[in-house]
Amino acid sequence: MKTVLTYGTFDLFHIGHLNMLKRLKEKGERLIVGVSTDEFNALKGKRPIVPFEQRIEIVRSIRYVDEAIPEMTWGQKRSDIAKYDVNVFGIGEDWKGRFDDLEDLVEVFYLPRTSGISTTEMKRVLSEFDERHVESLKNTLDTLSQIVKELS
């Protein structure tokens with residue numbers, strides 16, 4: 001049985017994540033997905049919006065995924081490859097070249113991204129929305145405050 005392994009944070013799960021998992025499943029009969037824990041993300045300088053337990057449950061629920069496991073360290077990839085008898089390691093092309101050192105154990109390939117969608121971009125847009133929303137609310141409160149002063 002050909003086993004495929006990948007890792008990710010899978011925060012704000014979107015169609016790009018689903019496309020990646022579907023393409024990875026096509027590379028073998030079994031797909032194992034490592035989901036980065038909140039603690040590991042903190043070490044990487046990332047701060048997910050969705051908590052780990054919810055992210056891993058979402059990934060476990062995807063029909064292409066046979067097993068979801070916690071990813072807690074960079075070094076766990078080699079031990080997971082042995083533990084789960086992995087033949088193929090795949091990950092998004094934004095990591096291109098980063099895991100070539102695993103080629104002594106498995107076939108490594110990098111998947112192209114789904115155009116027009118990324119978690120980073122979603123977070124950026126949400127952040128800008130929040131800033132605009134706060135500024136709009138502040139302006140409204142200032143206007144109301146001015147009206148109250150004039151009516152007093």
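If you're wondering where the values come from, they're calculated on a predicted model, not measured in any experiment.
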Got a second to check how far [X]'s [atom1] is from [Y]'s [atom2], nearest 0.5 Å?
X: Ile81; Y: Ile32; atom1: CD1; atom2: CD1; answer: 10.5 Å
X: Leu21; Y: Leu31; atom1: CG; atom2: CG; answer: 6.0 Å
X: Arg55; Y: Leu12; atom1: CZ; atom2: CG; answer: 10.0 Å
X: Arg30; Y: Asp85; atom1: CZ; atom2: CG; answer: 8.0 Å

Heavy-atom pair with the smallest gap, counting every atom of [X] and [Y]:
X: Lys27; Y: Lys2; value: O-CD, 3.3 Å
X: Val4; Y: Val86; value: C-CG1, 4.5 Å
X: Pro48; Y: Asp11; value: CA-OD2, 3.1 Å
X: Asp101; Y: Arg98; value: OD1-O, 3.7 Å
X: Val59; Y: Ala68; value: CG1-CB, 4.0 Å

Please confirm whether the backbone N or O of Asn19 pairs with a side-chain atom of Arg23, one donor and one acceptor, at under 3.5 Å?
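Yes: the side chain of Arg23 pairs with the backbone of Asn19.
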Any donor-acceptor pair under 3.5 Å from Tyr110 side chain to Gly97 backbone
yes
Once you measure the plane-to-plane angle for Phe40 and Trp74, does it fall in the parallel (<30°), tilted (30-60°) or perpendicular (>60°) bin?
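It falls in the perpendicular class, over 60°.
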Do the non-hydrogen side-chain atoms of Val35 and Thr9 ever get within less than 4.5 Å of each other?
no
Ile91 versus Phe109: any side-chain heavy-atom pair under 4.5 Å?
no
Is Ile56 reachable from Met20 through a run of I, L, V, M, F, W or Y residues, each pair having side-chain heavy atoms under 4.5 Å apart?
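They do share one cluster, since a chain of ILVMFWY contacts under 4.5 Å joins Met20 to Ile56.
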Can you hop from Met72 to Trp95 via hydrophobic side chains spaced under 4.5 Å?
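Different clusters: Met72 never reaches Trp95 through Ile, Leu, Val, Met, Phe, Trp or Tyr contacts under 4.5 Å.
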